[in-house]
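To keep things clear, I will list the structure first and then write my remarks on it.
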Amino acid sequence: MPLASDIRLPERYRVTRHIASGGMASVWEVEDLLLGRVVAVKLLGAQYAADPGARARFQREARTAARVSDHPNIATIYDIGEHGEDAFIVMEYFSGGTVADRLRTAADGGGRVPRETALRWLREAAGGLDHAHAAGVVHRDVKPANLLLDAQDRLAVGDFGIARLADDTSMTQTGQVLGTAAYLSPEQATGGSATAASDRYAFAVVAYELLTGGRPFAGGPPSAQVRQHAEADPVAPTEAEPGLPAELDDVFARALAKEPGARPATAAGLVGGIERALRPVEQTERTQALTPVVPLGAAAAQRAAAADPAQAAEPAEEPPEEPPTPPARERRSPPPPAAATPPRRARRISPLVPIGLAAALAAVVLAIALGRGGEDPQRSAAKPTTGSTAARTQPTTSAPAPAAEEQPAAPPAQAPPAEPSGESPAALNDRGFALNQDGRYAEAVAPLRAAVEGYRKAGNTDDIGYAYALYNLGVALNRSGDPAAAVEVLEERMRYSNQRGTVQRELRDARSKLDGGDRGGAKQDKDKDKHDDD
């Protein structure tokens with residue numbers, strides 16, 4: 001490894017220390033003397049820098065990454081260039097380390113990353129990944145070491161586009177391979193090309209690790225890990241961590257499916273599934289934490305009231321029902337194949353591997369062993385507001401804004417315009433659903449309206465995805481302060497027979513906001529809910 005004094009950069013940059021090294025590049029903490037800020041600089045390795053073609057690809061991929069780095073959860077790229085024989089990328093510096101660092105610290109202490117923190121990180125990483133995928137950019141090496149944290153614990157995905165260099169044939173022959181064995185998708189493990197679905201598979205492995213403290217396969221040397229991704233069934237989350245709900249097993253069975261098309265359509269959709277599966281556990285934990293201790297005098301009064309009901313005070317009005325949990329499948333995503341759900345335990349790997357598959361696995365394993373080395377992070381921190389990339393507002397890490405029930409918003413004068421994103425109705429529905437799950441109902445209205453309109457324009461109103469989009473739009477409208485529009489949408493949704501009880505509850509809530517909450521009507525609706533659910 002070269003010393004800091006050996007690094008040659010333009011005069012405006014002063015190298016202060018080495019941060020990390022990987023198979024292709026080294027990362028350095030650098031002071032930008034012109035703008036007076038600390039940045040991270042990635043230098044292409046000497047074995048690649050000597051190749052003009054490799055330097056050109058390095059810069060081309062840096063430009064690709066810069067195209068999507070306007071998102072708050074993607075590391076910003078400020079500059080790219082060459083100096084002498086060196087090619088470099090100047091990017092945002094992250095002083096908080098990486099998710100890999102936090103996982104190691106938690107494991108060393110015998111604990112886990114706090115669940116609330118883990119879910120927030122996953123939501124932020126999903127936002128960055130989905131933004132890049134919408135722009136046609138695939139990461140190819142999603143792992144905890146590439147999830148960077150700033151001084152405020154904001155997460156950003158780093159190294160976007162860099163791993164693509166390893167997909168070049170001439171570079172692969174030197175021993176470099178895209179991806180890291182522990183997070184490699186089955187299609188990458190067998191020599192196939194990486195896609196957005198491959199990123200989501202690796203992201204699912206990261207999510208599994210954050211929730212259980214381990215990975216979904218037995219581990220071992222890179223050769224064993226590659227083969228497990230290609231052939232073995234993952235260990236169910238409830239086996240790795242018995243306190244987790246059984247619903248989480250189904251979520252990860254789909255997220256870690258061998259077939260890319262069986263995985264969730266978006267990273268946000270995966271996080272939404274995880275949050276829905278965990279919600280009953282979190283509600284139980286909150287209930288236990290908030291259960292008051294009954295004072296001795298109050299307990300005596302309760303016993304007296306039980307002995308003489310006539311002395312008991314009139315019971316308080318029944319508290320309003322909590323907003324219902326959206327149905328687990330109230331979003332459109334491709335269902336897994338009939339045999340995709342894995343058994344609880346990883347199956348034994350057959351020693352008789354087909355010759356073609358064995359050859360592909362061997363090539364990938366050799367490339368990993370020779371090229372990747374460790375999983376050293378690019379630890380690049382607070383978001384600067386100047387530079388060659390346009391400034392952007394730094395997101396906060398506080399809890400989401402209160403839901404509409406606490407601070408009702410005035411109904412919009414007109415429907416927000418559909419977002420001209422070019423996304424499919426299913427993808428728009430997934431995005432709106434994820435915003436609903438995060439309590440950002442007003443933001444969810446536009447993509448969900450676009451999803452509904454997309455299904456209508458395509459003549460796909462018989463598609464179950466259209467029904468899901470209607471429900472999600474009704475929820476967003478109702479909880480963002482427009483119950484009148486919500487009633488209209490939910491009444492249309494009631495024409496579809498599945499999960500009508502859940503839809504009816506949301507419809508009842510929207511109607512009650514319009515008519516002042518007629519309890520007799522609510523009782524009739526509740527009786528109808530029970531009949532519909534039955």
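Taking the centre of each ring, Tyr13 and His83 stay at or above the 6.0 Å mark.
The backbone N or O of Ala444 sits nowhere less than 3.5 Å from a side-chain atom of Asn436 that would complete a donor-acceptor pair. Without hydrogens or angle criteria, Arg200 side chain to Pro264 main chain gives a donor-acceptor distance under 3.5 Å. Between the Asp101 side chain and the Thr98 main chain, a donor and an acceptor come within less than 3.5 Å of each other. Without hydrogens or angle criteria, Asn472 side chain to Gly432 main chain gives no donor-acceptor distance under 3.5 Å. Judged by distance alone, with hydrogens and angles left aside, the side-chain atoms of His133 form no donor-acceptor pair with the main-chain N or O of Gly128 at under 3.5 Å. A donor-acceptor pair is defined here as one N or O able to donate and one able to accept, closer than 3.5 Å; such a pair exists between the side chain of Lys258 and the backbone of Ala232. Listed for the Glu31 side chain is no donor-acceptor partner under 3.5 Å among the backbone atoms of Val38.
For the atom pair CG of Leu155 and CZ of Arg123, the computed distance is 11.5 Å after rounding to the nearest 0.5 Å. Separation of atoms CG (Leu210) and CG (Leu119) is listed at 9.0 Å; rounding is to 0.5 Å. Here the CG atom belonging to Leu43 is positioned 7.5 Å from the CH2 atom belonging to Trp28, to the nearest 0.5 angstrom.
Residues Val39 and Met91 have side chains not in contact (no heavy-atom distance under 4.5 Å, counting atoms from C-beta outward). Looking at heavy atoms from C-beta onward, Pro260 lies out of side-chain contact with Tyr201 at the 4.5 angstrom threshold.
Salt-bridge formation is detected for the pair Asp159/Lys42: a Lys NZ or Arg NE/NH1/NH2 atom is positioned less than 4.0 Å from an Asp or Glu carboxylate oxygen. With respect to the salt-bridge test (charged N to carboxylate O, under 4.0 angstrom), the residues Asp199 and Arg263 do not qualify. Contact check on Arg8 versus Asp86 returns no salt bridge, with no Lys/Arg side-chain nitrogen under 4.0 Å from an Asp/Glu carboxylate oxygen. The residues Arg37 and Glu29 are annotated as not salt-bridged, no charged nitrogen and carboxylate oxygen being separated by less than 4.0 angstrom. Using a 4.0 Å cut-off between a side-chain N of Lys or Arg and a carboxylate O of Asp or Glu, Arg120 and Asp153 qualify as a salt bridge. Between Glu82 and Arg55, at least one side-chain N (NZ, or NE/NH1/NH2) sits under 4.0 Å from a carboxylate O, which counts as a salt bridge. With respect to the salt-bridge test (charged N to carboxylate O, under 4.0 angstrom), the residues Arg279 and Glu275 do not qualify. Ion pairing between Glu247 and Arg276 fails under the 4.0 Å rule for side-chain N and carboxylate O.
Between Phe252 and Tyr208, the two ring planes are perpendicular [angle over 60°; tilted spans 30° to 60°].
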Subject >> Intermediate values then yes/no, side-chain contact (heavy atoms from CB on, under 4.5 Å), His139 and Asn146 >> reply: CA-CA 10 Å; His139 191 287; Asn146 281 334; 3.7 Å; yes
**OP:** Applying side chain to side chain donor-acceptor pair (under 3.5 Å), run through Asp70 and His131 and close with a yes or a no.
**Re:** CA-CA 10 Å; Asp70 58 339; His131 176 75; 3.1 Å; yes
**OP:** Decide yes or no on side chain to side chain donor-acceptor pair (under 3.5 Å) for Ser193 and Glu187, but give the supporting numbers first.
**Re:** CA-CA 7 Å; Ser193 298; Glu187 55 271 23; over 6 Å; no
Original post:
So Gln225 and Tyr183, side chain to side chain donor-acceptor pair (under 3.5 Å) or not? Walk me through it.
Top reply: CA-CA 9 Å; Gln225 295 182 47; Tyr183 305 89; over 6 Å; no
Original post:
Could you walk me through whether Ile77 and Val90 pass the side-chain contact (heavy atoms from CB on, under 4.5 Å) check?
Top reply: CA-CA 6 Å; Ile77 291 181; Val90 181; over 6 Å; no
**OP:** For Ile80 and Phe58, run side-chain contact (heavy atoms from CB on, under 4.5 Å): C-alpha distance rounded to whole Å, both residues' side-chain angles, the deciding distance at 0.1 Å, then the answer.
**Re:** CA-CA 9 Å; Ile80 58 175; Phe58 184 71; over 6 Å; no
